[in-house]
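All residue numbers refer to positions in the sequence shown, counting from 1.
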Amino acid sequence: MRIDQSIETPWGISVFGAASIDAAPDVARLRVAIKETRQQAGEAFEVTRRAVNQVREVVRGHGVPDRHVSTSRLNLESSYVYGAERKFVGYECTASFVIELRTLDALEAVLVDVVEAGANEVGGVEFDVRTKKELRAEARRAAVAAAREKAALYAEAAGVRLGGVVHIKDVDSEQLQNSYRSHGRSAAGEGDLTPGRITVTAGVVIGFSIVGDVET
């Protein structure tokens, strides 16, 4: 907004409040896939299906329940290499997994074992916290408190009294998270095997009325 732009419809004080809470992650989601190419479609299906079963057995062996493992349906497509002309190389069959681990100490061992069992693509590791809903609520309360404190400061500096809340607008937490990252703060632990910390953020825009000048 231009600094010389006037307020066409004055109504009160509008302020932005934000807060963030750091927490130690207690969940890791491992993304892996099996991708096999064979000359015959049936053979590609069969070798991939066997690898899927092997990976599932390995994960069960680490005490991970089936409900914490999501598997995509087997996908089959023709595979080509491109040079002077397109050349058919076979049928490619793919199955992907998302494995949720509640014991982070087992992450490295699970990763090694599922690769040895046939998972030949590793998409990465995402760390999270199971109490994110509660942490988000705490951050939202803190964001409201920050907005109210800022509004009170503006009102005091302007010599007016702060009235009641007339407007509340939530700020998208994903956009706010990206803003924190762009200023050098990141949700630690994404994409590597070091958990770091998880940052849960919240933001809010609150409008307050002005009830009059401060009496002198």
Side-chain angles (χ1 to χ4, degrees), residues 16-36 48-75 93-147 169-204:
F16 168 71
S20 65
I21 298 176
D22 290 338
D26 55 9
V27 174
R29 296 184 182 91
L30 175 61
R31 300 180 184 276
V32 297
I34 299 165
K35 185 173 291 186
E36 297 288 348
T48 305
R49 186 180 295 109
R50 286 200 303 267
V52 167
N53 293 334
Q54 290 169 358
V55 168
R56 280 197 165 275
E57 287 302 316
V58 163
V59 173
R60 291 187 186 112
H62 282 278
V64 180
D66 288 348
R67 68 180 182 276
H68 291 166
V69 181
S70 60
T71 310
S72 68
R73 297 181 63 180
L74 295 182
N75 180 57
C93 189
T94 305
S96 59
F97 295 82
V98 178
I99 303 168
E100 184 173 293
L101 302 176
R102 302 293 178 90
T103 305
L104 300 190
D105 291 342
L107 175 58
E108 186 173 343
V110 171
L111 177 58
V112 170
D113 287 349
V114 297
V115 169
E116 291 181 349
N120 48 19
E121 288 193 357
V122 178
V125 179
E126 173 192 346
F127 292 97
D128 206 348
V129 58
R130 280 176 281 177
T131 58
K132 182 173 284 185
K133 181 179 179 180
E134 292 79 7
L135 293 174
R136 185 82 70 193
E138 183 179 349
R140 283 170 174 156
R141 284 190 288 267
V144 169
K169 180 180 179 181
D170 181 54
V171 177
D172 180 73
S173 60
E174 290 301 321
Q175 292 182 1
L176 191 62
Q177 187 82 358
N178 291 335
S179 176
Y180 271 80
R181 291 172 184 165
S182 67
H183 286 84
R185 299 189 59 182
S186 62
E190 290 189 1
D192 56 40
L193 299 183
T194 304
R197 305 288 288 180
I198 299 297
T199 301
V200 180
T201 62
V204 65

Handout entry: Check against side chain to side chain contact (heavy atoms under 4.5 Å, CB included), Phe127 and Asp26
Key = CA-CA 8 Å; Phe127 292 97; Asp26 55 9; over 6 Å; no
Closest contact, heavy atoms only, [X] versus [Y]:
X      : Y      : answer
Ala19  : Ala139 : CB-O, 3.5 Å
Gly17  : Ala146 : CA-CB, 4.4 Å
Asp170 : Gly203 : OD1-O, 3.4 Å
Ala202 : Ala143 : O-CB, 3.8 Å
Ala119 : Val55  : N-CG2, 4.2 Å

Problem - Distance-only polar pair, side chains of Thr199 and Ser20, donor-acceptor under 3.5 Å - result: no
Practice task
Check step by step if side chain to side chain contact (heavy atoms under 4.5 Å, CB included) holds for Phe16 and Val204.
Solution key: CA-CA 6 Å; Phe16 168 71; Val204 65; over 6 Å; no
Starting at [atom1] of [X], measure out to [atom2] of [Y] and round the result to the nearest 0.5 Å.
X      : Y      : atom1 : atom2 : result
Gln54  : Ile34  : CD    : CD1   : 8.0 Å
Ile99  : His68  : CD1   : NE2   : 12.5 Å
Thr201 : Leu135 : OG1   : CG    : 11.5 Å
Asn75  : Lys35  : CG    : NZ    : 9.5 Å
Glu100 : Arg31  : CD    : CZ    : 10.5 Å

Problem - Worked check of salt bridge (charged side-chain N to carboxylate O under 4.0 Å, His left out) between Arg60 and Glu57 - result: CA-CA 5 Å; Arg60 291 187 186 112; Glu57 287 302 316; 2.6 Å; yes
Exercise for the section: Check the pair Val115, Val32 against side chain to side chain contact (heavy atoms under 4.5 Å, CB included), reporting the backbone distance first and the verdict last. Expected result: CA-CA 8 Å; Val115 169; Val32 297; 5.6 Å; no
Exercise for the section: Using side chain to side chain donor-acceptor pair (under 3.5 Å) as the criterion, list what pairs up with Thr94, not counting sequence neighbours. Expected result: none
Problem - Listed partners of His62 passing side chain to side chain donor-acceptor pair (under 3.5 Å), at least two apart - result: Asp113
Problem - Stepwise side chain to side chain contact (heavy atoms under 4.5 Å, CB included) test for Val114 and Phe97 - result: CA-CA 10 Å; Val114 297; Phe97 295 82; over 6 Å; no
Problem - Identified salt bridge (Lys or Arg N to Asp or Glu O under 4.0 Å) counterpart of Asp128 within the set Lys133, Arg197, Arg29 - result: Arg29
Problem - side chain to side chain contact (heavy atoms under 4.5 Å, CB included), paired with Val125, selected from Leu30, Leu104, Leu101 - result: Leu30
